[in-house]
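Reviewing the structure listed below.
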Amino acid sequence: MTENSAFQPAPDSELPKTYAPADVEGPLYERWVERGYFEADAKSDKPPYTVVIPPPNVTGSLHLGHAFEHTLIDALTRRKRMQGYETLWQPGMDHAGIATQNVVERELAKESKSRHDLGREAFVERVWQWKGESGGQISGQMKRLGDGVAWSRERFTMDEGLSQAVQTIFKRLYDDELIYRAERIINWCPRCLTAISDIEVEYQDDDGELVSIRYGEGDDALVVATTRAETMLGDTAVAVHPDDERYRHLVGTEIELPLTGRRIPIVADEHVDPEFGTGAVKVTPAHDPNDFEIGQRHGLPNIAVMDEHAIITAHGPFQGLDRLEARSAIVAALRAEGRIVAEKRPYTHSVGHCSRCKTTIEPRLSMQWWVKVGPLAKAAGDAVRDGRVAIHPQEMEKRYFDWVDNLHDWCISRQLWWGHRIPVWYGPNGEVVCVGPDEQPPSGEGWTQDNDVLDTWFSSGLWPFSTLGWPEQTESLAKFYPNSVLVTGYDILFFWVARMMMFGLYAMDGTPPFHTIALHGMVRDQFGKKMSKSFGNAVNPLDWMDTYGSDALRFTLARGANPGTDVPIGEDWVQASRNFANKIWNATRFALMNGATVEGELPPAERLSATNRWILSRLGEIVEEVDGLYEDYQFAKLSEALYHFAWDEVFDWYVELTKTTFQEGGQEAEDTKRVLGEVLDVTLKLLHPVVPFVTETLWTTLTGKESLVVADWPADSGFRDEAAEREIETLQQVITEVRRFRSDQGLQPGQKVPARLALDGTALAPHEAAIRQLLRLQPEGEGFHATATLPVSGATVSLDLSGTIDVDAERKRLTKDLGAAEKEKAQAEAKLRNEAFLAKAPDQVVDKIRGRLTKAEADIERIGRQLENLPAA
RNA sequence: GGGCGCGUAGCUCAGCGGUAGAGCGCUGCCCUUACAAGGCAGAUGUCGGCGGUUCGAAACCGUCCGCGCCCACCA
């Protein structure tokens, strides 16, 4: 091939010019599933790697947060699968008791029906029907995302096996006296009509009114303050601090409770803060958790004044009013009696709301089932404390400890219909029998099963082992428990993670459910704002996948995934990721057109050009780096590293440099085909866990092999060549420098310029052809030669710019560069004159400064000469 | 009230003791035979304020200001 002959690219490959994700994603995913790549074999000899899906709510659809979480889990499991692990990514869904029941009740409401119109059995049937309809939606979304889950093992928290698990552990805990029934103050939602646990209550500051009410008459009168005046109907005492001199004489006496005609005692209790308000507190044991405690200590009666709808039941003028109506009516009545001595309005205080429907919680005395968490939580805390389970990022450990170490007993009964019904029967005389899954309920007249169901987190707490067949001692359980890592959001650290820890340790004889807890943040919009439907910034991941492809969405999410921190994401960024996918696509097309191959051994390093040795050296480094980052769950960093390696180094530099080589042909071109194939092979593998579709399409085309999903994860070759790396770095500097010069001179990128290259005896000599091609340089011509650059190796590139050069512009630029170089020199010199610095700084740093000085001096000399050479304007 | 975290380029964020970085956005030139979803070149920051430690601080310590989140039985 002669120098002047046009470069003839290889015939077009079968790949289209632009990557069209929609054409390949669906079929690829189906093929993966058909071939069973994602299934996990319990009989395998390979080491296990297990991750469970945080089960999404059946009635929902996946939002960006799920897409994010799934991307991370999928990336982890895909890499482990490639590394030769027997990998299980366990799919399934959660029945999500209260949430689902609410959804279906809302559906019924559209038909003007309530669940009571249907009755329990028909209602539950209706929920199952709903589950059947919407469950498929989630599976569909997961397939679109490319989730490599073991579909044949899909589970549902209400399916038969998992229900067995629930009953089994309930029975065990009951027999171990870790589950009990007790009447206590619970968080009651008057809209959902059920008890909820402490963490299902969301507190927020609401404006209320603090009224101070005078109880009693004359010298013995006391003033108490309340934001919930309606509860006074149920007051059974006034409490003061035992050391409070103001009230000491009243303790033990009785006082008149306004509006009721009742007299209530004054008791002394440590709980009262004498500094707060008047130092006297009304005590309503049936409607306030603290007051309940006081009542217990002093043997006070509990007088409930509201029903489950928070309607006043106490006889009298307020009966039948709802709690808010009653509040104002009672304040009005008290005012009429002259009992209101002060009002503070608005009075901002923290009020609990139902996390499901936002209704204000009403503390209510009621009989419920409880888990005694003491020993369970202790074990859950210890497993992290002694390092058997690592929480990542580690800052989250503190939150975890604060919670498990200060946990109150867990209220697990819910007055709902959708869920696991409590396996307890009550006899005609109040006998209680807890029945395990293999036992028959008691027969005979008058035995009835508890009406309540279990908190939904009770069953999801078993997920890491119930999905594997527990309580049966299955092969899967033996193989895949404990899970390798749990990937989930920090928002359910308490709800779910801590409960899995407690149950896992308890049920599996002290073996924690996973080795590592990797907590991710929440997806936010491009301005860092929380995504919510009501705010209008929520995004359906399907929309973006339709427009840009699943890989683009996945890469964007992975790229934002710094451990434990929230992830802002905007459409622009998905677009950028789509561009990246397209770039990979086209770079591979180029490689295919030029005969890149993965066949045969890599050429020996001694034979390879510096360019090839450089890229192979960098390839080894990137494998090492990316591997480390995967192990550390640093998805953002590994994505970033791959992005820059692929785009900047491989596509912008290496591929450009290979063009010259391919033109020239010969052994070097043959070797380059193999090296280019190698670089793409490894790069596609490294990218595959994050962007599975585009890499699979390209890799199978490049290699002719079956699938990347089951390909071997690349090992670091160990090949490093620092000299080649430095040489190419120098080459890059020279080229950049000349390009800048050309750009400053207003030369169009394609315009050929005559140039004289003085590269003999320098490291750049072998790269002359590449330099000429990349810089569009023609053989030397006559006239003025603008010396564009002097690389550190001492080579000179002179451009013949007679007639075209803008001398003023060039002088200006050179003068500016000279100033910068002189400043740099002065700084370096000052540093090297500083004795304290020389004495204390590490040698490496001092050497670096010396290097900077040398370079600055060379730059000054070079620029000076260039200035001298400039013709007069 | 307790705990955790954050304030770095227009926006969103890396960096966490040795010459200020990325993506997007912005400016200029270019349809250079893989890619205009592209190429090349470029501009942009008293790294929240003030003190301190250090030869050297965006980074470590103190303090102040401004945000965010979690926990808590503030009548």
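Per chain, numbering begins at 1; letters A, B, ... match sequence-line order.
Contact annotation: side chain of A:Lys583 to base of B:C35, donor-acceptor pair present below 3.5 Å. Residue A:Arg578 places a side-chain atom within donor-acceptor reach of the base of B:A37, judged by atom type and a 3.5 Å distance cut-off alone. For B:A34, its base sits under 3.5 Å from the side chain of A:Glu656 at one donor and acceptor pair at least.
Open room surrounds CD on A:Gln394; 12 or fewer heavy atoms of other groups in view lie less than 6.0 Å from it. Counting non-hydrogen atoms of neighbouring residues, nucleotides and ligands closer than 6.0 angstrom, the CG atom of A:Asn406 exceeds 12 such neighbours.
Atom C1' of nucleotide B:C13 and atom NZ of A:Lys637 are separated by 11 Å, given to the nearest angstrom. Atom CD of A:Gln827 and atom C1' of B:U19 are 8 Å apart (whole Å). In this structure, A:Arg524 atom CZ and B:C69 atom P are separated by 7 Å, rounded to whole Å.
Here, B:G10 and B:G51 have their C1' atoms 32 Å apart, quoted to the whole Å. Nucleotides B:C50 and B:A43 are separated by 32 Å at their C1' atoms, to the nearest Å. The gap from the C1' atom of B:G68 to that of B:C13 amounts to 16 Å, rounded to the nearest Å. A distance of about 25 Å separates the C1' atoms of B:C74 and B:G5, rounded to the whole Å.
For A:Tyr643 and A:Trp647, the ring centers sit closer than 6.0 Å to each other. For an aromatic pair to be called close, the ring centres must be under 6.0 Å apart, and A:His520 with A:Phe68 satisfies this.
Between A:Lys17 and B:G38 there is no side-chain polar atom (N or O) within less than 4.0 angstrom of OP1 or OP2. Close to B:C71, at under 4.0 Å from its OP1 or OP2, lies no side-chain N or O of A:Lys398.
Pairing of B:C50, defined by two Watson-Crick or G-U wobble distances under 3.5 Å, is identified with B:G62. Searching all strands for a Watson-Crick or G-U wobble partner of B:G1 with both distances below 3.5 Å returns B:C71. Nucleotide B:G21 forms a pair with B:C13, judged by Watson-Crick or G-U wobble geometry with both contacts under 3.5 Å.
Residue whose closest nucleotide on RNA chain B sits further toward the 5' end, between A:Thr278 and A:Pro21: A:Pro21.
Minimum heavy-atom separation, A:Leu676 to A:Val655: CD1-CG2, 4.4 Å.
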